[in-house]
There are 2 protein chains.
Amino acid sequence: MKKDMPALQSLKEKIASTGLKVTQQRLVILQALYENDDHPSAEVVYNHLSNENPSLSLGTVYKTLETLVEKSIIRKVYCADGIKRYDVHIEPHSHLHCQSSHRIIDFSDPALEAMILQYLQDKKIENFEIQDIQLQIQGHIPNPEKRVRIYA
Amino acid sequence: MKKDMPALQSLKEKIASTGLKVTQQRLVILQALYENDDHPSAEVVYNHLSNENPSLSLGTVYKTLETLVEKSIIRKVYCADGIKRYDVHIEPHSHLHCQSSHRIIDFSDPALEAMILQYLQDKKIENFEIQDIQLQIQGHIPNPEKRVRIYA
DNA sequence: ATCGATGCAAAGACTTTGCAGCCAG
DNA sequence: CTGGCTGCAAAGTCTTTGCATCGAT
């Protein structure tokens with residue numbers, strides 16, 4: 001799924017509305033997440049930005065990403081490889097994890113998510129309050145040079 | 001969900017059938033995973049075992065867990081916290097992730113998994129071969145001292 | 001002006017690697 | 001016996017922390 005980059009103003013408002021200061025670093029990091037839809041780690045975000053922003057430090061990228069997660073502007077992706085990766089999409093959705101390339105592809109399907117949530121609510125799990133669900137679909141991309149397409 | 005510890009002989013056969021040598025270390029590590037149903041990391045497994053097995057080394061625990069994953073005897077759990085955790089249950093199932101305690105509770109529901117798999121097959125995702133699915137349910141345990149119960 | 005945010009570097013946590021010696025098959 | 005496995009320690013990767021300085025409000 002391709003992400004639509006919001007206008008700069010809208011990003012500023014998103015940050016400001018949480019009480020955080022609107023800094024240049026937070027803006028470029030948030031933009032980088034919209035530009036790179038492969039759920040980058042802190043290191044990948046830093047490498048992507050450091051040429052254009054030589055004064056940006058890796059530590060700031062780490063801190064900023066965690067801060068944005070705390071404020072629910074972005075979220076962490078569940079991963080099996082022990083690396084923290086981030087996602088600008090905070091609504092419930094699924095991920096296709098390619099075992100060979102470690103690409104993670106968004107797979108948003110509101111009908112599926114609604115179906116699962118409904119199922120879990122009917123199930124009545126005692127002593128557990130559900131906040132969010134993420135379906136991780138593990139597999140393999142036979143033709144890495146081609147796109148992965150999802151039909152409705 | 002409580003795990004049933006298989007007989008020692010059955011564990012030995014499980015290891016041998018993959019072509020791996022049946023060593024004492026592999027046996028105790030596999031047993032530890034059955035005893036600790038909270039999806040422990042390598043470090044946690046090591047701490048759990050090192051008193052009883054003073055000669056066991058942390059590096060061996062790391063290597064063994066990865067080896068067992070390669071042979072599909074165990075699997076990795078999808079986690080948002082950047083730590084590799086392991087699960088003896090290799091069949092498709094879900095996990096309840098508690099945000100406060102970082103406990104991960106197994107939630108096996110074959111009907112749910114079948115429903116999701118069927119849905120995804122009907123969906124026809126082009127250029128992606130599904131190998132496995134894991135549903136991660138994120139939430140909170142209001143009473144940590146009580147059990148989390150799931151009604152059928 | 002104020003207080004939170006950044007940059008830097010050092011420290012810490014987590015994991016892998018290389019190799020000599022050991023042991024299961 | 002012999003090749004795979006282990007223990008050890010060192011190195012590597014990933015992430016956090018402390019603090020002086022900077023800059024958004």
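Order of the sequence lines fixes the chain letters, A, B, ..., with proteins taken first and strands second; residue numbering starts at 1 for each chain.
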Name the closest nucleotide to the [X] side chain, picking from [options].
X       : options                : answer
B:Lys21 : D:dC14, D:dG23, D:dG4  : D:dG4
A:Lys84 : C:dT16, D:dT16, C:dA24 : D:dT16
B:Ser55 : D:dG7, C:dT15, C:dG4   : D:dG7
A:Val22 : D:dG7, D:dT25, D:dC14  : D:dT25
B:Glu66 : C:dT16, C:dA5, D:dG7   : C:dT16
B:Thr23 : D:dC5, C:dA5, C:dG7    : D:dC5
B:Gln25 : D:dG7, C:dA24, C:dT15  : D:dG7

In whole angstrom, give the distance that lies between atom [atom1] of [X] and atom [atom2] of [N].
X       : N      : atom1 : atom2 : value
A:Leu58 : D:dT15 : CG    : P     : 9 Å
B:Tyr46 : D:dA9  : OH    : C1'   : 13 Å
B:Ile29 : D:dG7  : CD1   : C1'   : 12 Å
B:Ile83 : D:dT15 : CD1   : P     : 11 Å
A:Tyr62 : C:dA9  : OH    : C1'   : 15 Å
A:Leu20 : C:dG4  : CG    : C1'   : 10 Å
B:Leu68 : D:dG4  : CG    : P     : 17 Å
A:Lys71 : C:dA5  : NZ    : C1'   : 13 Å

Whichever of B:Gly82 and B:Gln24 has its nearest DNA chain D nucleotide further upstream toward 5':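 Here B:Gln24 is the residue nearer the 5' end.
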
Is there a side-chain hydrogen bond (donor to acceptor under 3.5 Å, both in side chains) between B:Asp109 and B:His93 once you walk through the steps? CA-CA 7 Å; B:Asp109 186 333; B:His93 65 283; over 6 Å; no

Is B:Thr60 near enough to D:dG7 that one of its side-chain N or O atoms lies under 4.0 angstrom from OP1 or OP2? yes

Could you verify whether a donor N or O on one side chain and an acceptor N or O on the other, from A:Gln118 and A:Asp122, lie under 3.5 Å apart?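 Yes, because at least one side-chain N or O of A:Gln118 sits under 3.5 Å from a partner of the opposite role on A:Asp122.
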
Return each pair, listed once, that meets ring pair (Phe, Tyr, Trp, His ring centres under 6.0 Å) where at least one residue sits in residues 48-86 of chain A; pairs must be two or more places apart or across chains. A:Tyr78-B:His97

Tell me if the CD atom of B:Glu52 is crowded by more than 12 foreign heavy atoms within 6.0 Å. no

For the side chain of A:Lys63 and the base of C:dG4, is some donor closer than 3.5 Å to an acceptor across the two?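 It does not, because no donor-acceptor pair links the side chain of A:Lys63 to the base of C:dG4 below 3.5 Å.
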
Salt bridge A:Arg85-A:Glu43, side-chain N to carboxylate O under 4.0 Å: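 Looking at A:Glu43 together with A:Arg85, the answer is no, because their closest N to O distance does not fall below 4.0 Å.
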
